[in-house]
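Data block below; observations after.
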There are 2 protein chains.
Amino acid sequence: MTEKLSIAQASAIAAEDFAGEGDDTSKSNMFTIGDLAREFGVTLRTLRFYEDKNLITPHRDGLNRLYTRRDRARLKLVLMGKRVGFSLSEIKDMLDLYDLRDGQVTQLKVALGKFNEQISILERQKKDIEQALTELRRTVAVVSGLLKEKEQAGAT
Amino acid sequence: MTEKLSIAQASAIAAEDFAGEGDDTSKSNMFTIGDLAREFGVTLRTLRFYEDKNLITPHRDGLNRLYTRRDRARLKLVLMGKRVGFSLSEIKDMLDLYDLRDGQVTQLKVALGKFNEQISILERQKKDIEQALTELRRTVAVVSGLLKEKEQAGAT
DNA sequence: CTGGACGTTGACGCAAACGTAAGCTATGCC
DNA sequence: GGCATAGCTTACGTTTGCGTCAACGTCCAG
């Protein structure tokens, strides 16, 4: 919510993203850090940071990181989470929960709860912004008025 | 924009707030730090912090701070600025400019510009939030769907 | 052999707005 | 005398999400 919400990449969620995937460790299903960075428009630093925060845990080829489809899916969820205003730690909680997958039902319910919470929060923020806008517009009107007075007084 | 926008205190702007005041240094027009803190619902720490940032510069009675009506008016503007999303440093810029008061016309124009900028920013944020809300609601729908499937499958 | 391209691990920096001690002073009141 | 109240200063801590060096390792084309 700081600068830009790059809606461009990291497209929408599909039901697919919530389904488990057979972890295909074959060659073409692996990505380098650069691959993912380009694909999702984030920096390498960002991906390493996410790893540091245990949001994504790629395998290694020696020192080099190797991301699977699953990692990629998680990244997608992380970015989607950010877009809708979750903090990374909140996202982590949900992902961790996701990993427990006790048949997933409980997990989905919890996630659903958080989503609804977040919806409330965003609705609140929206209202705050609307209030601020109202106030600002009123102020602009007031100041504009003053300005006209002053300019007329000056022109007199 | 972090937690609560305490709309309660620190009421709206009046044209008065943009007019210069005769700095009345008589007794009843002075406030202690506690006075202002109570009146505007901020902590002493906050007021000292603002002073540190040169937003307000109260006089002293020995060590103790003494705020004039003018200081009070500035505080009011600071809080209003915060409410509508300006950072303290932006607010400082505007206040500084205000102090130049080259007949105030230039000042008012500049402020007007900033206000309009801020309006654009807020409108943008509002749109972002609306997008996030849309995405979240869609996700909730998807997940709810999955959940129903799962539960039915489980009940079979 | 050399210069890029790509990758690695630290680790400090930053912005915003105060919170939170810690410890001292000054004044008033009973 | 003694305590409460109000105020003072200094200064480190917090939170979030990376940016930005620094200082190297590795591999490939030319």
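In what follows, every chain begins at residue 1, and chains take the letters A, B, ... in the order their sequences are listed.
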Does [X] put a side-chain nitrogen or oxygen below 4.0 Å from OP1 or OP2 of [N]?
X	N	result
T32(A)	dG7(C)	yes
K53(A)	dT15(D)	no
R65(A)	dG7(C)	no

Starting at atom [atom1] of [X], determine the distance to atom [atom2] of [N], rounded to an integer number of angstrom.
X	N	atom1	atom2	answer
D52(A)	dT8(C)	CG	P	13 Å
I33(A)	dA5(C)	CD1	C1'	14 Å
E90(A)	dT15(D)	CD	C1'	13 Å
L88(B)	dC18(C)	CG	P	6 Å
R60(B)	dA6(D)	CZ	C1'	14 Å
L55(A)	dT16(D)	CG	P	13 Å
D35(B)	dT5(D)	CG	P	17 Å
L36(B)	dA6(D)	CG	C1'	15 Å

What's the shortest heavy-atom distance between [X] and [Y], and which atoms?
X	Y	result
L77(A)	L95(A)	CD1-CD2, 4.1 Å
L122(A)	A132(B)	CD1-CB, 3.8 Å
L66(B)	D71(B)	O-OD2, 4.0 Å

Practice item. Just compare dG7(C), dC18(D), dT9(C) and give me whichever is closest to any side-chain atom of K82(A). Key: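 Of all the options, the side chain of K82(A) is nearest to dC18(D).
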
Check your understanding: Of the nucleotides dC8(D), dG7(C), dT9(C), which has the atom closest to the N64(A) side chain?
Key ->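 It is dG7(C).
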
Practice item. Would you give the length of the straight line joining atom CG of L36(A) to atom NZ of K76(A), rounded to the nearest 0.5 angstrom? Key: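 Rounded to the nearest 0.5 Å, the CG-NZ separation comes out at 11.5 Å.
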
**Study point:** Value rounded to 0.5 Å, distance of NZ in K150(B) from CD in Q107(A)
**Key:**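 It is 9.5 Å, given to the nearest 0.5 Å.
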
Practice item. Would you please test F86(B) and M80(B) for side chain to side chain contact (heavy atoms under 4.5 Å, CB included) and show each step? Key: CA-CA 9 Å; F86(B) 285 111; M80(B) 127 83 172; over 6 Å; no

Practice item. Would you confirm whether T139(B), through its side chain, and E135(B), through its main-chain N or O, come within 3.5 Å as a donor-acceptor pair? Key: yes

Exercise for review: Under 4.0 Å from any atom of DNA chain C, heavy atoms only: list the residues of residues 42-51 of chain B that qualify, in numerical order.
Suggested key: T43(B), R45(B), T46(B), F49(B), Y50(B)

